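I have placed the structure first, in the form of structure tokens, so that the comments after it can refer back to it.
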Amino acid sequence: MASVEMENRSEKSGEDKVADSSPSDLNGRKPQKLRRYDSLDVESANVKGHHGHGLQQAANWGVILRLAFQSIGVVYGDIGTSPLYVYSSTFSKGIKHTDDIIGVLSLIYFTLTLLPLIKYVFIVLHANDNGKGGTFALYSLLCRHAKVGLIPNQQAEDREVSHYHLDLPSTRLGWSTKVKSALENSRAAKFILLFVTMLATSLVIGDGILTPCISVLSAVGGIKEATPAMTEQRVVWISVAILILLFSVQRFGTDKVGYSFAPIICVWFTINASIGLFNFIKYDPTVIKALNPWNIVEYFKRNGKEAWVSLGGVVLCITGTEALFADLGHFTVRSIQISTCTVTYPALILAYSGQAAYLRKHPWDVSNTFYKAVPGPVYWPVFAVAVLAAIIASQAMISGAFSILQQSLSLGCFPRVKVVYTSAKYEGQVYIPEVNFILMVACVCVTLAFKTTEKIGNAYGIAVVFAETITSSFMVLVMTVIWKKHFLLVMTYIVFIMSVEVTYLSSVLYKFTHGGYLPLAFAIVAMTIMFTWNYVYRKKYYYEVDHKVSSDQLRDIAGQSDLCRIPGLSIFYSELVHGIPPIFEHYASNIPALHSVLVFVSFKSLPISKIPPEERFLFRRVQPRELYVFRCVVRYGYTDIHQEEEPFERLLIERVKDFVREQHCLDSLAQKDKNDSIETEAEGDEDGINNSNDEGRQAEGEGMNNGELEMEIEVLETAYKAGVVHLMGESEVVAGKGAGLGKKLLINCGYNFLKKNLRQSDKMFDVPRKRLLKIGMTYEL
């Protein structure tokens, strides 16, 4: 993160002092001493009562239960379809001993209990960022509570946003303070945190590719049990057709798919629980002894290395667990806890128990356990529901990939792509056309290449366990730095949770050559793209900070004899929030004309999920006043929708006028306070003789100030009516002289290739093309 002291190194005495423009300062009381910030002057009004995510506030039980029901259709599709392929993936070489079924069932019991239930439902969900979940939520939490981020456009005012929670005083410091200091003082640690966050994002993308493949392929595979004419090749092509259809309907919005199909997932869980209970009673109720963890020890004694390798299949029982956290933004912690504990967890336990009981009597059916264990009369209804559940499971991971990419895009960690907001009711629902097409092609290729769930399962396990291990690593830091938990509690989490995940990770990595390389290959490609974009993004920003236009330079430019001011409002877009970008000087030297009002606008995202609209704008007036030059920063959270209810230029000019009014109020209060102090000092000497004259002069001064205010408002409105022109800097970046080969390839080839083939800035900001003027300049980095 760029250090705050980098701001305004060349902007000093000629600029206004800073005040907090909250409404409480305008109630007539004496203002406190005005504060000095290093960036923008006056923050928009802080409105009380905006702490935390709206859904996380106290809600009645009716709302909580309704959200719990809706969450079943969005969150649990992936983990709910795991019974389709877990046993076949675990016993890929067949069952050698019937007691091995008890050992694997015991592993499933304790894995489902430790990871989805205890870790996510009762621990990780509480590490949310104002109600938002996912890897970026954990990263943003750490960035706010410790200076470990690498986002270059941080400002002092960002910490005054009402959702920007900071550390509370605590006596439990000790070792947590040492860990925090070590992170803040280590540049390597900051890069590692960003790298791991990007890696987790890349793995989610890989998950978004593999989940549709394995879910749809395993569900459609049930046809082979009903008709011998259905070959493996035909199953593959039917699966491909369903996948293409699934990705084709993404543009209609995930809420129309996920929320509407909660009843289907409920039916799916009911079927699994019912069939599981039926098989448990009919075939072998003694499988309940799997509750004894000693069966796991016996399983490893009998099978040794093969038991350890089989963990790669067992871990598939928790696929989609990350969705419990990633999709938290649509629900509440309590609603997900209720739906997990009352529906998902019991249904899965019964499903796996019933399949284990069936396999104890029919171990030769392990290659297709789910459909073999289905009673004949209900086979086709179960098959139909299974296909629908697989599609919904795929939908959950695809929408999750879209959401996390939108977050990374907001924080400058992903190239500019088109983000479509598909629902006005559910704010987190997004669709990214370019990414959707790439995911579809990748899914089709993987399905055609691997053909069976067993081979895809080898690849799938790595993506699942790697992502969960990264979440646990972040949780250790959250528990230490933010929650300030005791050392023994953190170690308990590491021993009982993280060590289990590391064990599973070691097992799935063993299958690297059998398809496990696939998610890592996807991750490497996505990581390369994200790292290239973020690296050049930060380099370019620091270049602009070092070469920004100072206040003195701006006055010199405005004072040039050949420069003329023309009627109208000019909006100059830039990524720089710490001053005026160098591209403006380049513009003024080539086009010696400025509009009567000039506003430098920068859009930035904070490491926070949402920002209230009333706190979105920051303004500063560039001196001298008669230039009518303003700086504006428009702030968004990483899940905020970049769409305003009214045209941006109209909204901007209204906010500028509000800022001018607030500034005049603050100036009047400061002047009144100064006059009161002078009168108090002179009261004893003058004995009140000149009070009437003083009051007359004060009234005259206030009248003059009101007149100036009206004149400035009129100037702003006249400029707006005269016409608005949008100026946008389009800087080309090249590696500087003396740069190494790696840097040249990264900047000249990698970054410029991405920039030329992705969306341009004017499309990202929806700038009217008829009133757009682009200014080009080359930056040597």
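This one's a predicted model, so the numbers in the text were calculated from it and none came from an experiment.
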Separation between [atom1] of [X] and [atom2] of [Y], rounded to the nearest 0.5 Å:
| X | Y | atom1 | atom2 | answer |
| --- | --- | --- | --- | --- |
| Y517 | K511 | OH | NZ | 14.5 Å |
| I318 | D78 | CD1 | CG | 11.0 Å |
| R538 | Y541 | CZ | OH | 13.5 Å |
| M440 | I438 | CE | CD1 | 10.5 Å |
| L125 | T332 | CG | OG1 | 9.5 Å |
| L141 | I482 | CG | CD1 | 4.5 Å |

Which residues pass the ring-ring contact (aromatic ring centres under 6.0 Å, His included) test with [X], not counting sequence neighbours?
| X | value |
| --- | --- |
| Y85 | none |
| F110 | none |
| F512 | none |

Evaluate the side chain to side chain donor-acceptor pair (under 3.5 Å) criterion for residues Y751 and K539: first the C-alpha distance (whole Å), next the side-chain angles of each, then the deciding distance (0.1 Å), finally the verdict. CA-CA 12 Å; Y751 177 82; K539 286 288 185 182; over 6 Å; no

Give the minimum heavy-atom separation between V86 and L316, together with the two atoms involved.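 Heavy atoms only, the tightest pair is CG2-C, 3.9 Å.
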
In short, L348 meets P83 closest at the heavy-atom pair CD2-CG, 4.0 Å

Decide yes or no for [X] and [Y]: does some side-chain heavy atom of the first lie under 4.5 Å from some side-chain heavy atom of the second?
| X | Y | result |
| --- | --- | --- |
| L112 | C317 | yes |
| L183 | L477 | yes |
| F450 | L217 | no |
| V476 | V490 | yes |
| F325 | I336 | no |
| M475 | W483 | yes |
| I214 | L84 | no |
| S310 | N303 | no |

Could you give the side-chain donor-acceptor pairs of residues 196-203 under 3.5 Å, partners two or more places apart or in another chain?
| residue | atom | partner | partner atom | Å |
| --- | --- | --- | --- | --- |
| T197 | OG1 | L193 | O | 2.8 |
| T201 | OG1 | T197 | O | 3.0 |
| S202 | OG | M198 | O | 2.9 |

Ring-plane angle category for Y535 and F531, please: parallel below 30°, perpendicular beyond 60°, tilted otherwise. parallel

side-chain contact (heavy atoms from CB on, under 4.5 Å) partners of S92, counting only residues at least two apart: E454

side-chain contact (heavy atoms from CB on, under 4.5 Å) partners for S473, two or more places apart: M498

Residues two or more places apart in sequence or in another chain: which of them pass salt bridge (Lys or Arg N to Asp or Glu O under 4.0 Å) with E184?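 Counting only residues at least two positions away or on another chain, E184 forms no salt bridge (Lys or Arg N to Asp or Glu O under 4.0 Å).
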
Please name all residues satisfying salt bridge (Lys or Arg N to Asp or Glu O under 4.0 Å) with E468, sequence neighbours left out, ordered by chain then number. none

Sequence neighbours left out, what pairs pass side chain to side chain donor-acceptor pair (under 3.5 Å) with at least one residue falling in residues 489-499? S472-Y493

For [X], does the [atom1] atom have more than 12 heavy-atom neighbours from other residues, nucleotides or ligands under 6.0 Å away?
| X | atom1 | value |
| --- | --- | --- |
| F122 | CZ | yes |
| Y345 | OH | yes |
| K540 | NZ | yes |

Show me the donor-acceptor pairs within less than 3.5 Å that the side chains of residues 521-530 make with the rest of the protein, sequence neighbours left out.
| residue | atom | partner | partner atom | Å |
| --- | --- | --- | --- | --- |
| T528 | OG1 | I524 | O | 2.7 |

Are the side chain of [X] and the backbone of [Y] linked by a donor-acceptor contact shorter than 3.5 Å?
| X | Y | answer |
| --- | --- | --- |
| S186 | A182 | no |
| K180 | H145 | yes |
| T90 | V314 | yes |
| T340 | Q337 | no |
| S215 | P212 | no |
| S507 | V309 | yes |
| S82 | I79 | yes |

Got a sec, which residues hit side chain to side chain donor-acceptor pair (under 3.5 Å) with Y352, two or more places apart in sequence or on another chain? none

Under the side chain to side chain donor-acceptor pair (under 3.5 Å) rule, collect the residues that match up with T471, sequence neighbours excluded.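 Once residues adjacent in sequence are excluded, the partners of T471 under the side chain to side chain donor-acceptor pair (under 3.5 Å) criterion are E322.
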
